[in-house]
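One structure is given below, encoded as structure tokens.
Index from 1, following the sequence.
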Amino acid sequence: MLQVLERFRTILGDGYVLTQPADLVPYEADWRGRYLGEALCVVRPASTAEVAAVVKACAEHQLAMVPQGGNTGLVGGGVPRMGRREVVVSLSRMNRVLDVDGANSTITVEAGCTLAAVQAAAHDVDRLFPLSLASEGTCQIGGNLACNAGGVQVLRYGNMRELTLGIEAVLPDGRVWNGLRGLRKDNTGYDLKQLFIGSEGTLGIITAAVLKLLPMPRSRAVAWVALASPAAAIALLGLMRARAAERLSAFEVIGEAAFDLVVQHMPGVFSPLAERAPWYALIELGDSDPAGGVKILLEDILGLALEERLISDAAVAASLAQMADLWALREWISEAQKIEGISVKHDISLPVSRIPEFLDAAGSALAEHFGPLRIVAFGHAGDGNLHYNLSRFNAAENTAFIARSAEANQIVHDLVTSLGGSISAEHGLGQLKRDEIRRYKSGIELEMMRGIKQLLDPAGIMNPGKVL
Ligand code: FAD
Ligand code: ZN
């Protein structure tokens, strides 16, 4: 072990091989504090060549590696396991923008760039990099790719998969695959980059990527609306799509319990509407034409929705500051929940049309099985993606409920599957759903996944115990 640590120090320099327990702490626990592990060390390479040399050393010593970006993942995929002497490979020093090609509308970045830094670099050349998540100040492009991150603008711009043209990755034996092509058309066989996107660090370490840039929206409009039911929300989504078409860039729903937590825990937050409602939607339209009239369009559609009784009230932001205030109500939900305490979390996707049916059936089935629960439901309804989190109102009772997570998961996941949905929409499997997925994915799909893992990582040293 001393020998391999010495080799890491030779490759990286003394300061970039962390072994002191106090230095390891931030890398050993996940954002929610649900997964705690132990690292043999944390290595902090500054280039692809250094990553490759570190991986080669690990492969020779049969040491398991855990790639880590901003460590904001929600399924325990980026932290080491207990008692396993795993090497955490942190990409945070690889944070350079390598190239911006305006004519090709692409940006090439190292994997350790934060998402916010990539958005800012795009902004500097008057372009948009549209991936947008509440964790964007901390999460990194490598982590976004490894999780195929989604977020709040997927219905207009797609997930990380749709936003990526090329990647570079270090394979589990230390070889470097340079697939940094900025091409929108390339039919030369299997699309290997898509294997790495969403692989949660189990097939290799992503070191760089070529990402798409889009035209910057020149005008925006944001509204917060009150709704009587999920069915009304889905009907409103249909109306928005029909009238605003591609200008609809976000359609988020927020259940009353989620809204209550934000108002209760986050300072300076207030309700934009006089009346309370069981459901809310946050809607954004954007247009690349500065005189696009999106605010008038949004007000017109909402007027129609009021007439048709799809909504009971609405507030349309009158300034950029008000837009930010409305978005804060949505973005603070995760933080507010964290303050409130642990819950049984689900990140599910469904055909959009079946969201109301799911919410109805899941609410009844859970109440029948567990009695009263707090259901914090919110998410990217425009993509059919809900975050559906369960807890008891009382902290002492909650501990006992958390111990019964498996029962709650089965109720929710069986229902999701019966409605044609997925048990992981955007957060991945990590450690949290590694066993659960075996119940829901077909044997043939799991077999193909295992075959790919075996081909690229026969020794099983790249992020073991995650996904598969
Ligand atoms: P990490 O947590 O460091 O790692 C996540 C996984 O990726 C791990 O399996 C890790 O091994 C792997 N990995 C990291 N870097 C690399 C690399 N360079 N090469 C190979 N594998 C790597 N997610 C969404 O999709 N949509 C949301 O709206 C959203 N909102 C969030 C809000 C909050 C407040 C928080 C805390 C999280 C949210 N997330 C969301 C989850 C998380 O932020 C994203 O999944 C993000 O993409 C993770 O990036 P990261 O750099 O923090 O990755
Ligand atoms: Zn989300």
Using only atom types and a distance under 3.5 Å, with no angle test, would you say the side chain of [X] pairs donor to acceptor with the backbone of [Y]?
{"X": "E38", "Y": "R81", "result": "no"}
{"X": "Q337", "Y": "V262", "result": "no"}
{"X": "Q454", "Y": "R450", "result": "no"}
{"X": "T164", "Y": "G166", "result": "no"}
{"X": "E299", "Y": "V316", "result": "no"}

Nearest-0.5 Å distance, [atom1] of residue [X] to [atom2] of residue [Y]:
{"X": "I283", "Y": "L237", "atom1": "CD1", "atom2": "CG", "value": "8.5 Å"}
{"X": "L128", "Y": "S105", "atom1": "CG", "atom2": "OG", "value": "11.0 Å"}
{"X": "L131", "Y": "L163", "atom1": "CG", "atom2": "CG", "value": "6.0 Å"}
{"X": "N104", "Y": "L213", "atom1": "CG", "atom2": "CG", "value": "9.0 Å"}
{"X": "S219", "Y": "D287", "atom1": "OG", "atom2": "CG", "value": "4.5 Å"}
{"X": "F251", "Y": "L285", "atom1": "CZ", "atom2": "CG", "value": "10.5 Å"}

Which is it for E200 and K466 under the salt bridge (charged side-chain N to carboxylate O under 4.0 Å, His left out) test, yes or no, and what are the steps along the way?
CA-CA 8 Å; E200 300 182 54; K466 321 289 168 62; over 6 Å; no
Could K193 and W177 be counted as a cation-pi pair, given that NZ or CZ must be under 6.0 Å from the ring centre and within 45° of the axis?
no
Between F378 and R330, is there a cation-pi geometry (under 6.0 Å to ring centre, at most 45° from the normal)?
no
Check whether any side-chain heavy atom of L298 lies under 4.5 Å from a side-chain heavy atom of K295, and answer yes or no.
no
Got V269 and W332 here, is their nearest side-chain heavy-atom distance under 4.5 Å?
yes
Can you list the steps and then say if E6 with R9 is a salt bridge (charged side-chain N to carboxylate O under 4.0 Å, His left out)?
CA-CA 5 Å; E6 215 28 64; R9 289 194 182 99; 3.5 Å; yes
Is it the case that the ring center of W224 lies less than 6.0 angstrom away from the ring center of F259?
yes
Looking at the rings of F358 and Y388, which for Trp means the six-membered one, are their centres under 6.0 Å apart?
yes
Assess whether salt bridge (charged side-chain N to carboxylate O under 4.0 Å, His left out) is satisfied between R32 and D30, documenting all intermediate values.
CA-CA 6 Å; R32 286 169 66 197; D30 70 319; 5.5 Å; no
Are D126 and R218 ion-paired here, with the side-chain N under 4.0 Å from a carboxylate O?
yes
Indicate yes or no: does E110 engage R93 in a salt bridge with an N to O separation below 4.0 Å.
no
Distance-only side-chain donor-acceptor flag, [X] / [Y], under 3.5 Å:
{"X": "T207", "Y": "E168", "result": "yes"}
{"X": "E335", "Y": "H265", "result": "no"}
{"X": "H346", "Y": "N389", "result": "no"}

Is it the case that more than 12 heavy atoms not belonging to [X] sit under 6.0 Å from its [atom1] atom?
{"X": "R84", "atom1": "CZ", "value": "no"}
{"X": "L98", "atom1": "CG", "value": "yes"}
{"X": "H123", "atom1": "NE2", "value": "no"}
{"X": "Y157", "atom1": "OH", "value": "yes"}
{"X": "K56", "atom1": "NZ", "value": "no"}
{"X": "R161", "atom1": "CZ", "value": "yes"}

Can you tell me how the ring of H380 sits relative to the ring of H387, calling it parallel under 30°, perpendicular over 60° and tilted otherwise?
perpendicular
Please evaluate residues E284 and R220 with respect to the criterion salt bridge (charged side-chain N to carboxylate O under 4.0 Å, His left out), reporting the C-alpha separation (whole Å), side-chain torsions for both, the decisive distance (0.1 Å), and the verdict.
CA-CA 7 Å; E284 174 154 343; R220 294 169 60 205; 2.7 Å; yes
